[in-house]
Amino acid sequence: MVNDSKNKIKTISILVPTPSPVPYSYALRADQTAGPGSIVQVPLGPRQVSGLVVEDLPDAKPIDPAKLREVTQVFDCPPITPDMLRFIDWVAKYTLSAPGMVARMVLRSPTAFDPEPPTKGIVATGTQPERLTDARRRVMEQVAEEPQMAWTRSGLAHATGVTTSVIDGLTKLNVFSEIEIPARPIVAKPDPSFGEPELIGDQRDVAEGLAATVSEQKFSVTLLEGVTGSGKTEVYFEAIAAAINQGKQVLVLLPEIALTQVFLERFHDRFGAEPAPWHSDLAPRTRERVWRQVTEGQVQVVAGARSALYLPFQNLGLIIVDEEHDAAYKQEDRVFYNARDMAVVRAHLGGYPVILASATPSVETRHNAQEGRYKYERLDKRYADAALPTLKAIDMRKSPPQRGGFISPALIEAMQETLERGEQSLLFLNRRGYAPLTLCRACGHRFECSNCSAWLVEHRFRKQLVCHHCGHNEHVPESCPECGTFDHLVACGPGIERIAEETLSHFPDARIIVLSSDMTGGVKRLRLEMDAIAKGEADIVIGTQLVAKGHNFPNMTMVGVVDSDLGLANGDPRAAERTFQLLSQVTGRAGRTGKKSVGLLQTFQPEHPVMQAIISGDMDAFYEKQIDERERGKMPPFGRLASLIISAATRLEAEQHGRALRGAAPIAKDVMVLGPAEAPIAMVRGRHRFRILVHGDPRTNIQAYLREMISKAPRPRGSVKVQIDVDPQSFL
DNA sequence: AGCACGCCGACT
DNA sequence: GTCGGCGTGCTC
């Protein structure tokens, strides 16, 4: 705060939602009090916005006092804690985004900044009404049961079967007095001793280790790696219990909270109460109350999607990032970040532990664990009768499908057998729609998207050609738009609709359910379908990625992957890792309840390292190889590529001031960084694509990597898309 | 980011 | 004659 001695006007720095790199200054009236962390409402141009008061920048140039506008309102809200303010600053710097935009993510519940208005209630005074009617007698009897109890007017009326006017009458006679009932907590307090589990073997050791780590209350990162069915969740629940026992708040991040009812139920079984939810589909009223009660420290545990990382906890003492490898943790618009990485940062700044949990960790997390930077806990066995399925590759060259089909005889046979046993099969193909490519047999014309030049995917059910990149869609024409020939359009390759068609032709009497994100009816319908499957109301499930997560299907004993190679050859440096993770997850759907189960993977390259790793179950060897490839420059090296690009980008930012960035800066020849996979790249500013000078530091192998990328680029048009993954620890 | 202002095309 | 496209510029 700066005191203007002449006018006695207090000036304070406030982060407002603009792309400005610095906070704005506002005037604070004498009757207002606000310091760093206070949440305020201020005028900004023609509108009112919420802002966050921060420390003044030491070298801030004073602003023309004539421009100063007054703070409209200081909210009655606990201030944002100092470690949270540092976190905002850190994230802004790291992601090269404006601090005000990061602050905006924290202040995302615009009506929650004032205390929840208490509800009006009534309580018995002890006086008896002089005249006792029948209705009044019923009310008095009810009240006599618990004389101290506070009621709402309608609540008491409802409970006793009278109208509210009876209650109002009694209130007038001084039988009741009006009181204010404090806002009711959004969730009950979790009880660490509610449903203590019986942990066995290494589960107990790991749980004890985690609890000890939590009790230390200092920064650490632990990788909790456990195969599906090993009891990972139960084990980290013990860490949560330890944090609750210490009076700390806990944040559990989940990739897609809207779909994970299962998690809430398991939490309830363990702690006797659900955690407070946080995700983008939350009803505004609920969102508001959760925000408020988190910042007041009333809510003990939050289970949320990535945006929950920006909740202003009062007293956070543990963060758990479940399925830490999941790509849903990446935010790729506005402020670019990976919530897993930022969770590590937040825990570091706050001085408490974070646990990263996964059956198939990301390569960088695995590497950090192996190098000893992270603690490393493993659960290698399945428990509770769950056995890993027997996995086999089906070599499509040796066991090809029928002409025009995509399912090999071996897989059809396995489905037949499963059907005969009265058990369920899952066919997995990670491609929505009917066919990924349509072409004209007469002239060879391919249907491409006019915006993105990607192939248009036929959705036969909707009778449309759809671009899966931008959403553009058009009707399937009857003739070729290029040569005009009728009836010569041909669908190439399979999507799940087509697999469903083929499956139906083999098993016309089976009950088949198709699950994909373009199913009509949204999340609700999806949940219903999942429940139906779990209850055994389907024989064959055909689905995309959606089926890889969430629900357990107790009767599912066969998983067939239609195209295991899909995703291996798309130029993404993480292709192998992603495919490995997805295939582990999908095949892990089978045999969760002890029945003998199989996973069959159709592939054209059974010798591929990913396929080998999946079939053999030798994860360690797979990770070794991935780490090795990165270190040899075949993949982005940990942190270093990113840090170089950051430094280049930061320099550009400095040089820029206004418009320099528009005319691209010099560059290592032909390299263009189109956009960040996550944080750091400068492009963030607007829609421009930035050319980055990668100045060759001989200690790194960036140039080798980029050269390799360029040489491999399928259409070398002078640019190459580079995806960046960053290890935040190298910046801490 | 959000919003206003401003200048050119098809329409109540 | 107006509605509406998005280009440009500004916000303490």
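Per chain, numbering begins at 1; letters A, B, ... match sequence-line order.
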Test side chain to side chain donor-acceptor pair (under 3.5 Å) applied to Ser358(A) - qualifying residues, sequence neighbours left out
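For Ser358(A) the side chain to side chain donor-acceptor pair (under 3.5 Å) partners, ignoring immediate neighbours, are His325(A).
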
Nearest-angstrom distance from the residue atom [atom1] of [X] to [atom2] of [N]:
{"X": "Tyr24(A)", "N": "dG2(B)", "atom1": "OH", "atom2": "P", "value": "14 Å"}
{"X": "Leu15(A)", "N": "dA1(B)", "atom1": "CG", "atom2": "P", "value": "16 Å"}
{"X": "Arg69(A)", "N": "dT11(C)", "atom1": "CZ", "atom2": "P", "value": "10 Å"}
{"X": "Gln48(A)", "N": "dG2(B)", "atom1": "CD", "atom2": "C1'", "value": "14 Å"}
{"X": "Arg104(A)", "N": "dA1(B)", "atom1": "CZ", "atom2": "C1'", "value": "6 Å"}
{"X": "Lys10(A)", "N": "dC12(C)", "atom1": "NZ", "atom2": "C1'", "value": "18 Å"}
{"X": "Leu44(A)", "N": "dA1(B)", "atom1": "CG", "atom2": "P", "value": "14 Å"}
{"X": "Gln41(A)", "N": "dC12(C)", "atom1": "CD", "atom2": "C1'", "value": "16 Å"}

Centroid separation Tyr352(A) to Phe313(A) less than 6.0 Å:
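Ring-ring flag for Tyr352(A)/Phe313(A): false, centres at least 6.0 Å apart.
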
Pick base, sugar-phosphate or nothing for [X], based on heavy-atom distances below 4.0 Å to the nucleic acid.
{"X": "Pro23(A)", "value": "nothing"}
{"X": "Pro46(A)", "value": "sugar-phosphate"}
{"X": "Leu68(A)", "value": "sugar-phosphate"}

Distance-only donor-acceptor check, side chains Ser362(A) and Glu577(A), under 3.5 Å
no

With distance as the sole test, does Gln314(A) use its side chain to make a donor-acceptor pair with the main-chain N or O of Val294(A) at under 3.5 Å?
no

With a cut-off of less than 4.0 Å, is there a side-chain N or O of Arg47(A) near OP1 or OP2 of dG2(B)?
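No, outside the criterion.
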
